[in-house]
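Single-structure report; data block below.
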Amino acid sequence: MGLLRIEHRDLDDAITALATATQVDQLQLARLKRRKLRLRDEIAVIEDQLIPDIIA
């Protein structure tokens, strides 16, 4: 899961850099954002599997 978090952070940096460029490639920006969202969802699923539900 650590690698997913690193990739998620790297995508965030790439999105920020691309968004501040003088020539913004909107298609590439959208692809990076979609990939970042997929990674976030993957991380959430893994965390849910690792952390048991505690019923109080």
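All figures in this text were calculated on a predicted structure; none of them were measured in a lab.
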Is Ile6 reachable from Leu32 through a run of I, L, V, M, F, W or Y residues, each pair having side-chain heavy atoms under 4.5 Å apart?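 Shared cluster, no.
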For residues 37-51, tabulate all N or O donor-acceptor pairs below 3.5 Å that involve a side-chain atom, not counting sequence neighbours.
unit_1	atom_1	unit_2	atom_2	d
Glu47	OE2	Arg5	NH2	2.0

Any side-chain hydrogen bond (donor to acceptor under 3.5 Å, both in side chains) involving residues 10-23? Give me the pairs, sequence neighbours left out, ordered by first then second residue.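 The answer is Asp12-Lys36.
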Which pairs pass salt bridge (charged side-chain N to carboxylate O under 4.0 Å, His left out) with one or both residues in residues 19-29, sequence neighbours excluded?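 Pairs touching residues 19-29 that pass the test: none.
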List the residues meeting side-chain hydrogen bond (donor to acceptor under 3.5 Å, both in side chains) with Arg35, not counting sequence neighbours, and say none if there are none.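 With sequence neighbours excluded, Arg35 shows a side-chain hydrogen bond (donor to acceptor under 3.5 Å, both in side chains) to Glu7, given in chain and number order.
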Do you know the tightest heavy-atom contact between Ala19 and Val24?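 That closest heavy-atom pairing would be O-CG2, 3.7 Å.
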